[in-house]
Amino acid sequence: MPLAGAAPICDGMSQSYPELRLVAAPGEADPTAGSSQPSPLPDDQALDAYSRVVGDVVERVGPSVVRIDVRRGGRPIGAGSGVIISPDGLTLTNSHVVQGARSVALTTLEGRELMARVLGDDPDTDLALLRVDEDVALPAARLGDSSRLRRGQIAIAIGNPLGFDATVTAGVVSALGRTLQSRTGRMIEDVVQTDAALNPGNSGGPLVSSAGEVIGVNTAIIMGAQGICFAVASNTAHFVAGEIARHGRVRRAYIGVAAATMPIPRRIAMRHGVEQASGARLISVDQAGPAAQAGLLSGDLIVALDDKPVTSVGSLMRLLDADKIARIVSVDFLRRSEKLRVWIGARERIAEPLPRAG
């Protein structure tokens, strides 16, 4: 069925057209003279360097990109992309693509359909890890080191937007170190911003460097903006995949607060020797949580945790990692014009399970 709005395709047999001839203007040479054959298209050697780089990357990484179909009761409820990261079928995608499903269908570039189990998903970073059920050997992409990225370097997005296999868009890394709010409200840190065009269905596909390494997992588009797309950095994806493979989830510490990034009054910062310009102001404190038991109150401005500066709500979340679970941590904070310290017994954060499909 033709796409809506597309012009009908003519197969060359249903209509005939008179032969077209170019007629030279008076005093000009015949434009068809000496050129009975069209000029040949350039071969691979004649391609520009940019085209060669993009083409080579697509040939290397394209076979590792899969289409993901999520079904409920045999009916499709969602689709997206994914990237195979190990030959035995470990695959990364977005949490919002799997939609809480226990299993999904993967379709490879050559059209082979495989069933995969969802080993775990992490809505806090919008990432999920799958494993193919069958004993297979699949082409795998390599995760790169996103800490070495630089603005302006080539970024290539590969995915299955709208069901079109191995669709490629290319651009550059526009910005680094962005934060993006996940579905749970937690901030995803170290997000890569790119102008490589993403479309519905690109979610979960890889963002790839010119070296053919996965530097991010495509996750979001800002609707109404021109060329502003985001990918979860590969170092975050590597950490999340390892945690899910070992524990079935990502373990994080919990102290029971909700916060927002706020500036520190310069006068107070200078008085107490606080070097950063901002911290995490507590909006609410869970009265049954560790922070409340230690004496923290709404309005307190956290500036350090375990002697590490807290400059934002994102940095506070990042510091509350698995290493802090079942540990006593120090929290420095400002209350009115005073700088205080409390000790908090952090515990493991148990995320509420999302509704499952299938």
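Taking the charged nitrogens against the carboxylate oxygens, D190 and R318 have no contact shorter than 4.0 Å, which rules out a salt bridge.
Summarising the geometry, atom CD belonging to Q193 is positioned 10.5 Å from atom CZ belonging to R151; distances are rounded to the nearest 0.5 Å. Taken to the nearest 0.5 Å, the CG atom of L176 stands 8.0 Å off from the CZ atom of R150. A distance of 4.5 Å separates CD1 of I264 from CD of Q276, quoted to the nearest 0.5 Å. Between N94 atom CG and N218 atom CG the span is 8.0 Å, to the nearest 0.5 Å. With values rounded to the nearest 0.5 angstrom, T169 atom OG1 is found 9.0 Å from D195 atom CG. With values rounded to the nearest 0.5 angstrom, N235 atom CG is found 9.0 Å from L143 atom CG.
Scanning all heavy atoms of the two residues, the minimum distance from S298 to S284 falls at OG-CA, 3.6 Å. When all heavy atoms of P139 and S64 are compared, the pair lying nearest together is O-OG, 3.1 Å. In this structure, A259 and A280 approach most closely via the heavy-atom pair CB-CB, 4.1 Å. The two atoms that bring V97 and S203 nearest to each other are CG2-O, 3.7 Å, heavy atoms only. The two residues S315 and P309 make their nearest non-hydrogen contact at OG-O, 4.4 Å. Contact between A346 and A253 at its shortest, heavy atoms only, is CB-CB, 4.2 Å.
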Tell me, with the steps shown, if D332 and H272 meet side-chain contact (heavy atoms from CB on, under 4.5 Å).
-> CA-CA 11 Å; D332 297 323; H272 296 293; over 6 Å; no
Test log, rule salt bridge (Lys or Arg N to Asp or Glu O under 4.0 Å), inputs E213 and R148 = CA-CA 12 Å; E213 296 179 331; R148 300 177 64 182; over 6 Å; no
Stepwise, does the side-chain contact (heavy atoms from CB on, under 4.5 Å) test hold for V310 with F333?
-> CA-CA 10 Å; V310 172; F333 64 98; over 6 Å; no
Verify side-chain contact (heavy atoms from CB on, under 4.5 Å) between V217 and T236, making sure each step is shown before the conclusion.
-> CA-CA 10 Å; V217 178; T236 299; over 6 Å; no
Given the rule in the side-chain contact (heavy atoms from CB on, under 4.5 Å) test, do L282 and L296 qualify, once you have shown the distances and angles that lead to the verdict?
-> CA-CA 9 Å; L282 302 187; L296 282 177; 4.0 Å; yes
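Side-chain contact between L297 and V285 is absent, with no heavy atoms from C-beta onward closer than 4.5 Å. Between D124 and M317, every side-chain heavy-atom pair lies at or beyond the 4.5 Å cut-off. The closest side-chain heavy-atom distance from R327 to D306 is below 4.5 Å. Looking at V173 and T194, their side chains never come closer than 4.5 Å, going by heavy atoms from C-beta outward. A 4.5 Å side-chain heavy-atom check between L92 and L129 finds at least one atom pair inside the cut-off. Put simply, the side chain of L180 reaches to within 4.5 Å of the side chain of T219, judged on heavy atoms. In this structure, V53 and S210 have side chains that are in contact, with non-hydrogen atoms separated by less than 4.5 Å. With a 4.5 Å cut-off on side-chain heavy atoms, L114 and L138 count as touching.
Within the structure, salt bridge (Lys or Arg N to Asp or Glu O under 4.0 Å) contacts touching residues 238-251 (residues at least two apart or in different chains) are E243-R246, R249-E348, R251-E348.
At a threshold of 4.5 Å between side-chain heavy atoms, the hydrophobic network of Ile, Leu, Val, Met, Phe, Trp and Tyr places I154 and V214 in two separate groups. Side-chain heavy atoms closer than 4.5 Å link hydrophobic residues (I, L, V, M, F, W, Y) into clusters, and following such links, possibly through other members, connects V66 to I77. In the hydrophobic clustering of this structure, L301 does not group with V313; members are Ile, Leu, Val, Met, Phe, Trp, Tyr whose side-chain heavy atoms approach within less than 4.5 Å, directly or through other members. The hydrophobic cluster containing Y254 does not contain V240, counting ILVMFWY residues as joined when their side-chain heavy atoms lie under 4.5 angstrom apart, directly or transitively. Grouping the Ile, Leu, Val, Met, Phe, Trp and Tyr side chains by contacts below 4.5 angstrom, directly or via other members, places V104 with I84.
Residue-environment remark: CD (E338) stays at or below the threshold of 12 foreign heavy atoms within 6.0 Å. For M115, the CE atom sits in a packed shell: over 12 heavy atoms of surrounding residues, nucleotides or ligands are nearer than 6.0 Å. Applying the 6.0 Å contact sphere to CZ of R341 captures more than 12 heavy atoms from other residues, nucleotides or ligands.
Although no hydrogens or angles enter the test, the distance criterion places a donor-acceptor pair under 3.5 Å between the side chain of R281 and the main chain of G299. The closest donor-acceptor contact from the side chain of T311 to the backbone of S278 lies at 3.5 Å or more, if one exists at all. Judged by distance alone, the side chain of D126 and the main-chain N or O of H96 form a donor-acceptor pair under 3.5 Å. No donor-acceptor distance shorter than 3.5 angstrom exists from the side chain of S147 to the backbone of D145, with no hydrogens or angles considered. Between the side chain of S95 and the backbone N or O of D121, no donor-acceptor pair lies under 3.5 Å. In this structure a side-chain-to-backbone donor-acceptor pair under 3.5 Å is missing from S81 to G204.
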